[in-house]
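Quantities reported herein were computed from a predicted structural model and do not represent experimental measurements. All residue numbers in this chain count up from 1 along the given sequence. Every number for a ligand or one of its atoms is a count from 1 in the order of the listing.
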Amino acid sequence: MSKTFQFILLYFVLAVLHSPCSADPPYPYCSNVTSSILFQNNLNQFFSYLSTSASLSIFKNFTIGNETDRVYGLFLCLGFVTLDNCKKCVDTAIQDIIELCPNNEEATVWEEYCQLRYSNKSFFGHTDDAGNLPLWNRKNISDPYKFRHVVRELLNNLSSLAAFDPSMGMYAIGKANLTIDETVYGLVQCTRDLSGNDCFKCLKDATDEILSCCYFYRGARLLSRSCYLRYELYAFYEGAVEAFPPPPSTGN
Ligand SMILES: *[C@@H]1O[C@H](CO)[C@@H](O)[C@H](O)[C@H]1NC(C)=O
Ligand SMILES: *[C@@H]1O[C@H](CO)[C@@H](O)[C@H](O)[C@H]1NC(C)=O
Ligand SMILES: *[C@@H]1O[C@H](CO)[C@@H](O)[C@H](O)[C@H]1NC(C)=O
């Protein structure tokens, strides 16, 4: 490899490593431009349905058009977001996905409180970890091994609730004690087209991924196309009603 090429490569590696923690949303995941005009028309129709739907519920999946040019799409707002804000978030996501991934065969965009995804192939009921994006709060934690343990247990408890308790709607928030005066707050959520088992698997993989890259940071998120998780040392979902997972076991 030439020195210039190595330098360019290093630059991109660093850019990729550093962008997630500093950049603000939107976070796009694009593919290729489609040549199908019919698909583009269906896509426009999909966008026009979205905004209304997002004022009625925090999740909906859509199938629009005939077999060959069909659009499969969905939006998901975080469980604590009001319908008003869900609609605002989805409206922003529509603008961003049109601008950042224009007329793609498939695309996803994550905003602060929602995600929007579409494809020319059906993806409902399948988890997909391509494009998983970890984001973190740059500050280190003082006791990362204890923190990792507490976070893992919290996320695992919340994941079980979200995946297997039908009353939760594939979403759970809760907290656990880290020290006497420090609490860690967590949120997990899946797209509601998934089965309980797939939701759990998505969140388990997301937990493993975030706790291998980012366990020494004070807070982190993992954006996946099928699920979402986040933990912080503050109640980032302030005001929302927590599910209370069993208290963390003592002595570790
Ligand atoms: C884009 O198209 C090329 C050529 O058809 C294909 O090899 C590639 O996998 C596509 N990329 C995505 C992200 O779909
Ligand atoms: C944070 O912790 C990681 C892992 O222990 C370490 O590699 C990194 O240098 C630390 N960063 C700072 C700013 O202390
Ligand atoms: C939404 O997803 C579910 C679960 O995979 C599927 O059965 C249903 O047909 C989808 N709805 C639409 C409108 O595509």
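At a threshold of 4.0 Å, the pair Lys175-Glu182 does not count as salt-bridged, since none of the basic side-chain nitrogens sits closer than that to a carboxylate oxygen.
Of all protein heavy atoms, the one lying nearest to atom 13 (C) of ligand 2 is Asn140 ND2, 4.4 Å. Ranking the protein heavy atoms by distance from atom 1 (C) of ligand 3 puts Asn61 ND2, 1.4 Å first. With hydrogens left out, the protein atom closest to atom 12 (C) of ligand 3 is Thr63 OG1, 3.5 Å, a heavy atom. Residue, atom and distance of the protein heavy atom nearest to atom 4 (C) of ligand 3 are Asp193 O, 3.6 Å.
Ring centers of Phe200 and Phe164: under 6.0 Å apart, within the cut-off. You'll find the ring centres of Tyr171 and Phe80 outside the 6.0 Å limit. For an aromatic pair to be called close, the ring centres must be under 6.0 Å apart, and Trp136 with Tyr217 satisfies this.
Remark: ligand 3 atoms within the under-4.0 Å shell around heavy atoms of Phe124 are 2 (O), 5 (O), 10 (C), 14 (O).
Taking a distance limit of 4.0 Å, we find that atom 9 (O) of ligand 3 is approached by no protein heavy atom.
Cys77-Cys89 SG separation is not under 2.5 Å; the pair is not scored as a disulfide.
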